Amino acid sequence: MKFNTKTIHGGQKPEATTGAIMPPVFMTSTYAHSSPGEPQEYEYSRGENPTRTALENSFAAIENGTHGFAFSSGMAAIDCVLRTLKPGDEVIAGDDLYGGTYRMFTRLFEKYGLEFTYVDMDDVSNITNVITEKTKLVWIETPTNPLMKIADIKAICSAVKEVNDTVLIAVDNTFATPYLQRPLDLGADIVMHSATKYLGGHSDLVMGALIVKDANLAKEVHFIQFAAGAIASPMDSFLALRGIKTLHIRMQRHCENGRAVANFLKKHPKVGAVYYPGLEDHPSYAVAKKQMKDFGGMVSFRLKDDSKEATFKFLKNTNIFTLAESLGGVESLVNHPVTMSHASIPEKERLKIGITDALIRLSVGIEDEEDILADLEQALNL
């Protein structure tokens, strides 16, 4: 199947009992055994649930994986990946990460004995130069949150595996979605999503996803998910599966509107800098063009007046763009990383990579382009 068809039919089949096209929401915690010690296909919903299974099959299909896993949140999915490691193991991660990821790394897993090294992944040698015998995982975000940096997934995977082919490579594909890039096809071992965002697409659920190809890795992930219990609910699984069926058409509009917003901001006299991989002056434009089908709906920017007062004035005066956490829904959202999504990162670390009070992040929705641009214009000119 081609991708657009996979979003609707990938890993799916009519429900066996009734022939329902959409899987029913199986609101059950447990299942009848045929005899002692002999469960049928399903045993207990922490391990498997038919609605969740349908969603997980869809996850695997759209990312060209073999096994998908639906978690209670994106952070629960990341937590599962880190639980495959042991104290003393080292993780190499990008220097621009979602604040919640950074918080989990530094405030939870450092306490449990994992070691983390942060590098600028624009240059592959920055990664290979710090690989040691303790390195067990490379964690990639691309595009990054919120500075929209691009990592060359294929080049990183090739270089890392050449140094040590046992190192796992995980890619947070939340911003791009499998509509734009599929990291498993580029050599990654694990793909992670905050399915809360574009996969669900309607700001009505919280969920995480992992997708893998290796059967042994899949067994380990499933065991951790079952043992730790951070599973997606049947209702949320139904909603996410429904969302995925329109992922391709939603992403087309997100990309169209994102490109229009980036070009508008680039030309606006009150805007000082725009961060969008689809702009030709983006430092990694060539890499983004090579590995992504399009450039997405996430745009970050700074005003020329980089004072907190000017930034907050803009944030308080949008109408179409709602000031809120999260991203990837059909509606446009505006976010202030310093006080919202990245507030958990210490100021010194934020400033080191350029996350300042003046940085604004937009999740461009699928509304009419003219309305979106008019809203930005009026907020910029107040």
Side-chain angles (χ1 to χ4, degrees), residues 94-102 120-122 141-151 172-177 180 194 197-198 254-268 270-285 287-288 292 294-308 310-316 318 320-329 331-345 347 349-365 372-373 375-377 379-380:
D95 60 359
D96 180 29
L97 291 174
Y98 165 56
T101 305
Y102 182 86
D120 182 351
M121 290 193 171
D122 285 351
E141 255 187 42
T142 184
T144 63
N145 181 6
L147 294 173
M148 305 302 297
K149 296 169 70 173
I150 300 294
D172 182 339
N173 203 29
T174 299
F175 271 25
T177 82
L180 299 181
S194 174
K197 314 316 195 276
Y198 286 108
H254 283 300
C255 291
E256 291 168 5
N257 286 350
R259 190 181 310 112
V261 165
N263 287 324
F264 167 82
L265 294 172
K266 185 74 177 174
K267 297 173 184 175
H268 201 281
K270 291 193 175 181
V271 174
V274 181
Y275 305 89
Y276 185 70
L279 294 174
E280 292 188 10
D281 61 355
H282 187 286
S284 298
Y285 171 76
V287 175
M292 298 173 71
D294 207 329
F295 304 104
M298 298 301 300
V299 183
S300 294
F301 72 102
R302 303 176 198 275
L303 301 176
K304 280 185 178 174
D305 180 352
D306 61 359
S307 66
K308 182 181 289 189
T311 302
F312 279 26
K313 184 177 181 181
F314 173 86
L315 293 167
K316 292 176 180 178
T318 56
I320 299 295
F321 285 87
T322 301
L323 180 62
E325 296 276 6
S326 201
L327 58 105
E331 63 288 305
S332 292
L333 300 177
V334 59
N335 172 282
H336 185 235
V338 166
T339 59
M340 300 171 76
S341 58
H342 291 68
S344 59
I345 300 178
E347 182 180 20
E349 298 303 318
R350 289 198 308 262
L351 293 176
K352 191 185 299 183
I353 61 170
I355 302 176
T356 67
D357 285 336
L359 187 67
I360 297 167
R361 190 193 75 189
L362 302 176
S363 173
V364 182
I372 290 172
L373 298 184
D375 187 37
L376 294 174
E377 180 70 47
L380 286 166

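The structure displayed is predicted, hence computed values, not measured ones.
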(message) Keeping His282 on the side-chain end and Met148 on the backbone end, is there a donor-acceptor pair under 3.5 Å?
(response) yes
(message) Ring centres under 6.0 Å, that's the criterion: do Phe312 and His336 meet it?
(response) yes
(request) Would you check if Met292 and Thr142 make a side-chain contact, meaning some heavy-atom pair closer than 4.5 Å? (result) no
(message) If you define the side chain from C-beta out and look only at heavy atoms, does anything of Leu97 sit under 4.5 Å from Asp172?
(response) no
(message) Tell me every residue that passes ring pair (Phe, Tyr, Trp, His ring centres under 6.0 Å) with Phe295, counting only those two or more places apart in sequence or in another chain.
(response) Tyr285
(message) Is the shortest side-chain heavy-atom distance between Leu327 and Arg361 below 4.5 Å?
(response) yes
(request) Answer yes or no: is there a side-chain heavy-atom contact under 4.5 Å between Asp306 and Thr356? (result) no
(message) Check Asp95 with Lys352, please: is the shortest side-chain N to carboxylate O separation under 4.0 Å?
(response) no
(message) With heavy-atom distances below 4.5 Å as the criterion, would you say the side chains of Tyr276 and Lys266 are in contact?
(response) no
(message) Any heavy-atom pair between the side chains of Lys149 and Ile353 that's under 4.5 Å?
(response) no
(message) How about CD on Glu377, more than 12 heavy atoms from neighbouring residues, nucleotides or ligands closer than 6.0 Å, or not?
(response) yes
(request) Write down the atom of Ile360, the atom of Pro337, and the distance for their closest heavy-atom approach. (result) CA-CD, 4.4 Å
(message) Quick check: closest heavy atoms across Phe314 and Val334, and the distance to 0.1 Å?
(response) CE2-CG2, 4.2 Å
(request) Output all residues satisfying ring pair (Phe, Tyr, Trp, His ring centres under 6.0 Å) with Tyr275, sequence neighbours left out; order by chain, then residue number. (result) none
(message) With side-chain hydrogen bond (donor to acceptor under 3.5 Å, both in side chains) as the test, pick out the partner of Asn335 among Ser326, Ser341, Ser300, Ser363.
(response) Ser341
(request) Side-chain contact test, heavy atoms from C-beta onward, threshold under 4.5 Å: evaluate it for Asp122 versus Val287 and give yes or no. (result) no
(message) Around atom NZ of Lys270, are there more than 12 heavy atoms from other residues, nucleotides or ligands closer than 6.0 Å?
(response) yes
(request) For the pair Glu141 (side chain) and Tyr98 (backbone), establish whether a donor and an acceptor sit closer than 3.5 Å, ignoring hydrogens and angles. (result) yes
(request) Flag the pair Leu333 / Leu362 as yes when at least one side-chain heavy-atom distance between them is below 4.5 Å, and no otherwise. (result) no
(request) Say whether, by atom type as modelled, one donor and one acceptor occur between the side chain of His268 and the main chain of Leu303 under 3.5 angstrom. (result) no
(request) Give a yes or no answer on whether the side chain of Asp294 reaches the backbone of Cys255 with a donor-acceptor pair at less than 3.5 Å. (result) no
